[in-house]
Amino acid sequence: MWPRIGGLRTLALGTPGELRATLNTLVLAGVKTATAGLSTEYAEENEELEHVGERLALVDDHDALVGVVEVTGVEVVRLADVPWDFARSEGEGDRSIEEWREGHSAYWARQGTPVTDDSEIVCIRFRLVSTGDAVTTGDLST
């Protein structure tokens, strides 16, 4: 199971260090409004997919809360079928869907999970609902 904070599942983007810090900064700036994961990770962790309306606790390298996002869309598609509008909404600067696929494939391979065009990708869209004082005071409902 993934960790919980205040009853919310955590959203730990990328890997700890510079990548996670960069991705969190993009979310907090409103640039990153989507993220992709592997469906196999859900099975390995015995987790259900996120659902529209679910709130997730965005965490840093130390699992400290930095923001709360609300899921606005969830779709499972083959890697080859991830649409460009989704990839662009990840806000990571990819200039084409091919660049996005290459970058994500390389990332997952470095994590020990090589993917193919047929690998199932969980495409999650979200919106930032709270940061700063609401987060530090523990008010996760706003």
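Values below: every heavy atom of this structure, side chains too, minus hydrogens, waters and symmetry copies. Just so we're clear, the structure is a prediction, and the values are computed from it rather than from any experiment.
- A distance of 4.5 Å separates CG of L19 from CG of L23, quoted to the nearest 0.5 Å.
- Between H51 and V71, every side-chain heavy-atom pair lies at or beyond the 4.5 Å cut-off.
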Stepwise side-chain contact (heavy atoms from CB on, under 4.5 Å) check, L58 with V27: CA-CA 9 Å; L58 183 67; V27 171; 3.7 Å; yes
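- Summarising the geometry, atom CG belonging to L11 is positioned 7.0 Å from atom CD1 belonging to I124; distances are rounded to the nearest 0.5 Å.
- Considering all non-hydrogen atoms of both residues, V115 and S105 come closest at CG2-OG, 3.5 Å.
- Between the side chain of D60 and the backbone N or O of H62 there is at least one donor-acceptor pair closer than 3.5 Å.
- Taking 4.0 Å as the cut-off between side-chain N and carboxylate O, E75 and R125 do not count as a salt-bridged pair.
- You'll find the side chain of L56 stays beyond 4.5 Å of the side chain of T10, heavy atoms only.
- Screening I5, L8, V66 against V59 for a side chain to side chain contact (heavy atoms under 4.5 Å, CB included) leaves a single residue, I5.
- Here the closest non-hydrogen pair linking G93 and E99 is O-OE2, 4.3 Å.
- The shortest non-hydrogen separation linking F86 to A34 is CE1-CB, 3.5 Å.
- Shortest non-hydrogen contact noted between R101 and A80 is NH2-O, 2.7 Å.
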query: Step by step, would you call C123 with V82 a side-chain contact (heavy atoms from CB on, under 4.5 Å)?
result: CA-CA 8 Å; C123 298; V82 171; 4.1 Å; yes
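- To the nearest 0.5 Å, the span separating CH2 on W84 from OG on S89 amounts to 9.5 Å.
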task: Might you work through the side-chain contact (heavy atoms from CB on, under 4.5 Å) test for N24 and L13, ending with a clear yes or no?
output: CA-CA 7 Å; N24 282 349; L13 298 171; 3.8 Å; yes
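- You'll find the side chain of E47 stays beyond 4.5 Å of the side chain of E41, heavy atoms only.
- Minimum interatomic distance between L49 and E54 (heavy atoms only, all atoms of both residues): O-OE1, 4.4 Å.
- Note that OG1 of T40 is 9.5 Å distant from CH2 of W108, once rounded to the nearest 0.5 Å.
- Within a 6.0 Å radius of CG in D85, other residues, nucleotides and ligands contribute more than 12 heavy atoms.
- Within a 6.0 Å radius of CD in E48, no more than 12 heavy atoms belonging to other residues, nucleotides or ligands are found.
- Expressed to the nearest 0.5 Å, how far CD1 of I121 lies from OG1 of T35 amounts to 11.0 Å.
- Side-chain contact between P83 and I97 is absent, with no heavy-atom pair separated by less than 4.5 Å.
- Using a 4.5 Å cut-off on side-chain heavy atoms (C-beta onward), R78 and E120 make no contact.
- The local environment of CZ in R4 is crowded, with over 12 non-hydrogen atoms from other residues, nucleotides or ligands closer than 6.0 Å.
- Proximity of R9 to M1: side-chain heavy atoms (C-beta onward) are nowhere separated by under 4.5 Å.
- Formation of a donor-acceptor pair under 3.5 Å by the T22 side chain with backbone atoms of E18 is found in this model.
- T33 is not listed as a side-chain neighbour of R127, based on a closest heavy-atom distance of 4.5 Å or more.
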- request: For V52 and T72, run side-chain contact (heavy atoms from CB on, under 4.5 Å): C-alpha distance rounded to whole Å, both residues' side-chain angles, the deciding distance at 0.1 Å, then the answer.
  value: CA-CA 5 Å; V52 172; T72 60; 5.7 Å; no
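- With contacts defined as side-chain heavy-atom distances shorter than 4.5 Å, the pair K32/F126 qualifies.
- The neighbour count for E70 CD, taken as heavy atoms of other residues, nucleotides or ligands under 6.0 Å away, is above 12.
- E50 and V74 make their closest contact through O-CG2, 3.4 Å (heavy atoms, listed as atom of the first residue, atom of the second, distance).
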